[in-house]
Q: 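First, the structure itself, so that you have it in front of you.
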Amino acid sequence: MKSFYQRYQNFFSYTLFGTLAGALNIILFHQLEQKGLNYLLANIIAYLIALLFTFITNKYLVFETKHHSLEQTLRELIAFLHIRFLSFLLDLGLMFLGVQVFLLYKDLAKLLDQIVCGILNYFFSKWLIFNKKSA
């Protein structure tokens, strides 16, 4: 069991912190939307706040790259933002489709979009952003 955990430790950590980031994103979205913000604007604000949380936890707690040089950290941040921008577009598209086309409750659409984006983001983060071999 210990070797199984060690082999998939990144995945388990990513799942834990990804769940926390997703929960933060969903809760902020819900609160902002309930306060009267347009659901797409609420989605953008919640996404950006969760994005900062995600970068910090991915860098230091999940993939543990721990580069202390400003240059390497900026390189990781830029790669992270590029990938997450594509994820953000997918997030917005899924929200629009879920709410406008499939007529889902906004919170349900947000939950489903977080699951899809979270799975894709794990693989992109592991292979393209926080890849220790390319460090």
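The model shown is predicted, which means the values in this text are computed figures rather than measured ones.
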Q: Could you go step by step and tell me if F88 and I44 meet the side chain to side chain contact (heavy atoms under 4.5 Å, CB included) rule?
A: CA-CA 8 Å; F88 174 67; I44 291 168; 3.5 Å; yes
Q: OG/S87 to CG/L81 distance, rounded to the nearest 0.5 angstrom?
A: 11.5 Å
Q: Do Q114 and D91 pair up side chain to side chain, a donor and an acceptor below 3.5 Å, judged on atom types alone?
A: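 Note: Q114 and D91 side chains meet the donor-acceptor criterion.
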Q: What's the separation between atom CZ in F80 and atom CD1 in I56, rounded to the nearest 0.5 Å?
A: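 Taking CZ in F80 and CD1 in I56, the distance rounds to 9.5 Å.
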Q: Can you tell me how far apart CZ (F102) and CG (L94) are? Round to the nearest 0.5 Å.
A: 9.5 Å
Q: Return the minimal non-hydrogen interatomic distance between L24 and A50, and the atom names on each side.
A: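 Looking at all heavy atoms of both residues, the shortest contact is CD2-CA, 4.1 Å.
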Q: Should L86 and L48 be counted in the same cluster of Ile, Leu, Val, Met, Phe, Trp and Tyr side chains packed under 4.5 Å apart?
A: no
Q: Is there side-chain contact between L32 and Y39, with heavy atoms separated by less than 4.5 Å?
A: no
Q: Apply side chain to side chain contact (heavy atoms under 4.5 Å, CB included) to the pair D107 and F29, showing each step before the final yes or no.
A: CA-CA 8 Å; D107 291 334; F29 165 77; 3.6 Å; yes
Q: I need the L97 CG to L112 CG distance, nearest 0.5 Å.
A: 12.0 Å
Q: Apply side chain to side chain contact (heavy atoms under 4.5 Å, CB included) to the pair K110 and N25, showing each step before the final yes or no.
A: CA-CA 9 Å; K110 185 66 179 167; N25 194 330; 2.9 Å; yes
Q: If you group Ile, Leu, Val, Met, Phe, Trp and Tyr by side-chain heavy-atom gaps below 4.5 Å, do Y47 and L77 land in one group?
A: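 Yes.
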Q: Going by heavy atoms in the side chains, are L28 and I45 under 4.5 Å from each other?
A: no
Q: For T73 and F55, work out which heavy atoms get closest and say how close.
A: O-CZ, 4.2 Å
Q: Would you say the side chain of V99 lies within less than 4.5 Å of the side chain of Y105, judging by non-hydrogen atoms?
A: no
Q: Is there side-chain contact between L61 and F17, with at least one heavy-atom pair below 4.5 Å?
A: yes
Q: Donor-acceptor pair, H82 side chain versus I78 backbone, under 3.5 Å?
A: yes
Q: Looking just at side-chain N and O atoms, do N43 and K106 make a donor-acceptor pair shorter than 3.5 Å?
A: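 Short answer, no.
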Q: Measure the OG-CD distance between S69 and E76 for me, rounded to the nearest 0.5 Å.
A: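 That separation rounds to 8.5 Å.
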Q: Quick check for you: to the nearest 0.5 Å, what is the distance between I49 atom CD1 and I27 atom CD1?
A: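 Reported to 0.5 Å precision, the distance equals 12.5 Å.
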Q: Quiz question: by atom type and distance under 3.5 Å, do the side chains of Q9 and Y14 form a donor-acceptor pair?
A: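 Checked: Q9/Y14 side chains show no N/O donor-acceptor pair below 3.5 Å.
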Q: Is the side chain of S125 donor-acceptor paired with the backbone N or O of Y122 at a distance under 3.5 Å, no angle test?
A: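 Not a single qualifying donor-acceptor pair exists.
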Q: Which pair of heavy atoms, one from N10 and one from V62, lies closest together, and at what distance?
A: OD1-O, 3.3 Å
